[in-house]
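Numbers here are sequence positions counted from 1.
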Amino acid sequence: MPLIEVSIARGRTPEQLRALIAGLHRAAETAVGAVPDNTTVIVREIEHEHWSRGNQTIAERNAAAQDAVLNEAPQNAAAEQRSH
């Protein structure tokens, strides 16, 4: 009677979440011989502002990555102009 709980950052499509659930059910059947009707899967989607690693939330990490891309574009354009 397995109970599988998964926490995952919000942002997956319903199809991706359904595939995850199906995969977890299959894993329980294969790994421990669980009866499909007795397996429960709970997927908790966590907001990016509520999930952190290394004291940085996913939202903060995404914002920093976006800022880096925005800051690189002008630098790349300037470097390209210097090379001509």
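L17 and I46 fall into different hydrophobic clusters, where Ile, Leu, Val, Met, Phe, Trp and Tyr residues are linked whenever their side-chain heavy atoms come under 4.5 Å apart, directly or through other members. Both I8 and V41 are members of a single hydrophobic cluster when ILVMFWY side chains are connected at heavy-atom separations under 4.5 Å.
Here the closest heavy-atom approach between residue Q56 and residue E60 is recorded as CA-OE1, 3.4 Å.
In this structure, M1 and T40 have side chains that are not in contact, with every pair of non-hydrogen atoms separated by 4.5 Å or more. A 4.5 Å side-chain heavy-atom check between R61 and R53 finds at least one atom pair inside the cut-off. Using a 4.5 Å heavy-atom threshold, the side chains of Q66 and N62 count as separate. No side-chain heavy atom of T57 sits less than 4.5 Å from a side-chain heavy atom of E49.
Atoms CG and CD1, on L24 and I42 in that order, are 11.5 Å from each other to the nearest 0.5 Å. Atoms CZ and CG, from R12 and L20 in turn, are 8.5 Å apart once rounded to the nearest 0.5 Å. Here the CZ-NE2 distance, from R10 to H48, works out to 8.5 Å after rounding to the nearest 0.5 Å.
The only option from V43, V6, I4 that meets the side-chain contact (heavy atoms from CB on, under 4.5 Å) definition with I21 turns out to be V43.
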